[in-house]
Amino acid sequence: MIALAPTVRRALARLPRRGVVAGGVGALVASVAIVLVSPLSLAGGERAQQGAAIFAADLAAYRAAPPDLRSASLVAAATAGYEDRAFFRRPRCVPPLSPSGLIRAVVRNLRGIPQGGSTIPQQLAKLYLRTGRRAGVLDKVEEAMFATWLVRQAAPEEVAGLYLNLSAGTSMGTVRRPADGLYRLSLALFGLPLRRLSREDQLVLGASPRGVQWLRVHPAISARRIAATREWLISQDLWDASVRSYLDDFDVDSSAAFRFVEGWTERVASGEAATADLDLVAAIDRFRDGLSETLQAQFPGTAVRAAFAALGSDGSVLARSGAESALMAVNYGSVAKLEALDLAVEAFGPAAVRDLMLPPGGCVRWIWSTKDLRRSHPSRYCPTDVAPATRPMALDEAVARSINSLTARHAMLLPALLAQRRPDLLRQMVAEVSARERASLDSPADRALAGDLLAQLGGALPPEAIAPELSYSAAGVALFRYLRDRRELAGLPADRLPEDPTSLLGNSSRATAEQIGAYLHRKLFANDGTCALSDTGALLALRRREGTLRWLAQRWPKLVFSGKTGSSPHDDSAVAAVGLCLDARPVVLVSVLRPLQAPLPDGLQGSLLLRGIDGYLRELARLDRKPASALLPTWAEQDAQLAVEARP
């Protein structure tokens, strides 16, 4: 070959230069013509032919499937926003490549940010040609040729639909499902079929080709991608920004949004196995019906966005109404009062909590306003109640009935009680406040207020004898921070709480339905794998007929359950949660709502959501999944029996 080189050079030298150029141009034109006319011939021989045959079969199956089973228009548009924004307007005669995407991918990869530059047709081509090995340059050229061929065989909507269905199956690790993979993934993520998805659900689902596991592992990147794609959909007039969305005010928690619903595991979502948990999903329609009927009857014209979820142990999602249960944050209101009760039960035991009765009396003055304002207008800083107490009440009843003033008074007694009975726990709590801050909060008035609290416990002390950590303001600040940390440790976010203990009970922070349900599951149940209630859960269960759950208790008189409702008119939200037993396992049913237009109507409280939960429970009973009573601790069973015997 080396010996022939001079001969070849002399032969080329004898050719006219114009002829060489013309030959090169002719070869280039011929290659472009082949690419444009018959790209499949350049796409890899036998492997490309096999891929083309599979593609043809998949396309036939896709076209034969019902439209609402195979795709959803906004999901496809959202996927284009994530992956290939020129997809729907690119001419089919042009190779589906994105030079700008390739350049951007190279730059980001050089910066250490992994990103591909493939378009949707190229991504689909990979699913037909790649066999798991690392792709080389020639492989990418073959995939580009195959992508050029396949965009001429199907409409853009069909190409996007096949890409979504096949990618969905890959996300769940299941067999190829070209016609209903996206439908199955919709069930796996939301427990809802494609046709029932809200626009927010479809926005989330459109990100799925990236891979559900990848999206869960990279929550920050996922959240940015979702936000950017929504802005792009708005610019394309595919998302009406004038209609408020729960995504407007809150960051997307993509790690929660891309969690599978328990029971819709990879196998179940692929259709390879059945599960009774499907009933938990199917019954959600009755929740919606029950809530809608009540809203129409009592609050006509009020449009709300509601979310529902059923939570199992460790926060596993057994059923959800859609992405809003994982993404729509609401003010959790008086649910936060549960933490003060739980601390008291943990420190002193349930019997001592029930024995500590406080008269209605005057309200607890809020202590964190400026001292001058507090002296001149003390009543301005008193908590107000919809239904103030009219008789002495224990802490568990005050929490069950959401009596704010008495709950606050009981809570403010906790530092003094801890000083008497659990000094070890008091030391742990006051460590939240430095000595310097404690000194700045102290005053003769604060010590006098602390003396009044101690006097209620039979331990009157002169102001000068009050320990610095028990001074009213310092003790209140320490308690506030301690309760906040306990809630966060149990999974209830408190990051939106201001560093201002006027929110002593935590009523001003927000969480999603699933976060609230998981938190209550940890607080209401014993967490021993059974349906046994914790002592805190049992106290609320014994009060279910007189507290905010009383409407549901009247509907289910023999059912033992625990829970809490709450509403926050100033923040336009309401919440209700019930802990009971389903199929011998502890489950919390939780629902939240926000009105589409503020404010929350007068009288629309968390207890209204119990109408929807009642409809859900009755549907489960119709499906032979009748809910069962939660199990009371021994001491609570005895109390319940005495209460029954005492009835006239």
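For the ring pair (Phe, Tyr, Trp, His ring centres under 6.0 Å) condition, the pairs that include at least one residue of residues 524-544, sequence neighbours left out, are H521-F525. Applying the disulfide bond (SG atoms under 2.5 Å apart) definition to pairs two or more places apart or across chains, those involving residues 510-561 are C531-C581. A salt bridge (charged side-chain N to carboxylate O under 4.0 Å, His left out) check over residues 411-424, counting only residues at least two apart or in different chains, returns the pairs R422-D424. Every pair tested for disulfide bond (SG atoms under 2.5 Å apart) that includes a residue from residues 313-346 fails, sequence neighbours excluded, so the list is empty.
The nearest pair of heavy atoms linking S562 to L524 is OG-CD2, 3.5 Å. Shortest non-hydrogen contact noted between A474 and L441 is CA-CD1, 3.9 Å. Minimum interatomic distance between H410 and L356 (heavy atoms only, all atoms of both residues): CE1-O, 3.1 Å. Among all heavy-atom pairs drawn from A309 and L311, the shortest one is CB-CD2, 3.6 Å. When all heavy atoms are compared, the tightest approach of P601 to F299 is CB-CD2, 3.9 Å. Here the closest heavy-atom approach between residue A306 and residue M328 is recorded as C-CE, 4.2 Å.
Distance alone, capped at 3.5 Å, places no donor-acceptor pair between the S292 side chain and the D289 backbone. Side-chain atoms of R611 come within 3.5 Å of backbone N or O of S607 as a donor-acceptor pair. Between the side chain of S471 and the main chain of A467, no donor-acceptor pair closer than 3.5 Å is present. Put simply, the side chain of T565 never gets that close to the backbone of A576: no donor and acceptor are under 3.5 Å apart. Between the side chain of D201 and the main chain of A323, a donor-acceptor pair closer than 3.5 Å is present.
For R544, the salt bridge (Lys or Arg N to Asp or Glu O under 4.0 Å) test picks out no residue, with sequence neighbours left out. Partners of Y519 by ring-ring contact (aromatic ring centres under 6.0 Å, His included), not counting sequence neighbours: none found. Residues satisfying the side chain to side chain contact (heavy atoms under 4.5 Å, CB included) criterion with A518, sequence neighbours excluded, are R522. Remark: S591 engages F287, F308, L609 in a side chain to side chain contact (heavy atoms under 4.5 Å, CB included) (not counting sequence neighbours). Checked against side chain to side chain contact (heavy atoms under 4.5 Å, CB included), D528 has the following partners two or more places apart in sequence or in another chain: A526, T530, A532. Among residues two or more places apart in sequence or in another chain, the side chain to side chain contact (heavy atoms under 4.5 Å, CB included) test is passed with P193 by Y183, L187, R195, R196.
The local environment of CG in D314 is sparse, with at most 12 non-hydrogen atoms from other residues, nucleotides or ligands closer than 6.0 Å.
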Next item on the list: Start with the C-alpha distance between L596 and V304, add both sets of side-chain angles, then the distance that settles side chain to side chain contact (heavy atoms under 4.5 Å, CB included), and finish with yes or no.
Entry: CA-CA 5 Å; L596 297 186; V304 303; 5.9 Å; no
Next item on the list: Check the pair S186 / L197 against side chain to side chain contact (heavy atoms under 4.5 Å, CB included), numbers first and verdict last.
Entry: CA-CA 8 Å; S186 174; L197 297 186; 3.4 Å; yes
Next item on the list: Could you go through the side chain to side chain contact (heavy atoms under 4.5 Å, CB included) check for D485 and L489 one step at a time?
Entry: CA-CA 6 Å; D485 292 345; L489 187 63; over 6 Å; no
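None of L623, L318, V587, D583 except one satisfies the side-chain contact (heavy atoms from CB on, under 4.5 Å) rule with L280; the exception is L318.
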Output a table of donor-acceptor pairs, distance under 3.5 Å, between side-chain atoms of residues 343-353 and any protein atom two or more places apart or on a different chain; print 'none' if there are none.
| from | atom 1 | to | atom 2 | distance (Å) |
| --- | --- | --- | --- | --- |
| E346 | OE1 | R486 | NH1 | 3.2 |
| E346 | OE1 | R486 | NH2 | 3.3 |

N/O donor-acceptor pairs under 3.5 Å from side chains in residues 551-559, not counting sequence neighbours:
| from | atom 1 | to | atom 2 | distance (Å) |
| --- | --- | --- | --- | --- |
| R555 | NE | D614 | OD2 | 3.3 |
| R555 | NH2 | D614 | OD2 | 3.0 |
| W556 | NE1 | D614 | OD1 | 2.9 |

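The CZ atom of R401 lies 13.5 Å from the CG atom of L540; values are rounded to the nearest 0.5 Å.
Taking a cutoff of 4.0 Å between a charged side-chain nitrogen and a carboxylate oxygen, E432 and R427 do not qualify as a salt bridge. Salt bridge present: E397 and R391 bring a charged side-chain N and a carboxylate O closer than 4.0 Å. Using a cutoff of 4.0 Å between basic side-chain nitrogens and carboxylate oxygens, E339 and R484 are not scored as salt-bridged. Ion pairing between a basic and an acidic side chain is recognised when a charged N comes within 4.0 Å of a carboxylate O; E324 and R305 show such pairing. Salt-bridge annotation for R438 and E469: absent, with no side-chain N of the basic residue lying under 4.0 Å from a carboxylate O of the acidic one.
Inspection of the D342 and T536 side chains reveals an N or O donor paired with an N or O acceptor under 3.5 Å.
Counting heavy atoms from C-beta on, the side chains of L631 and L533 never come closer than 4.5 Å.
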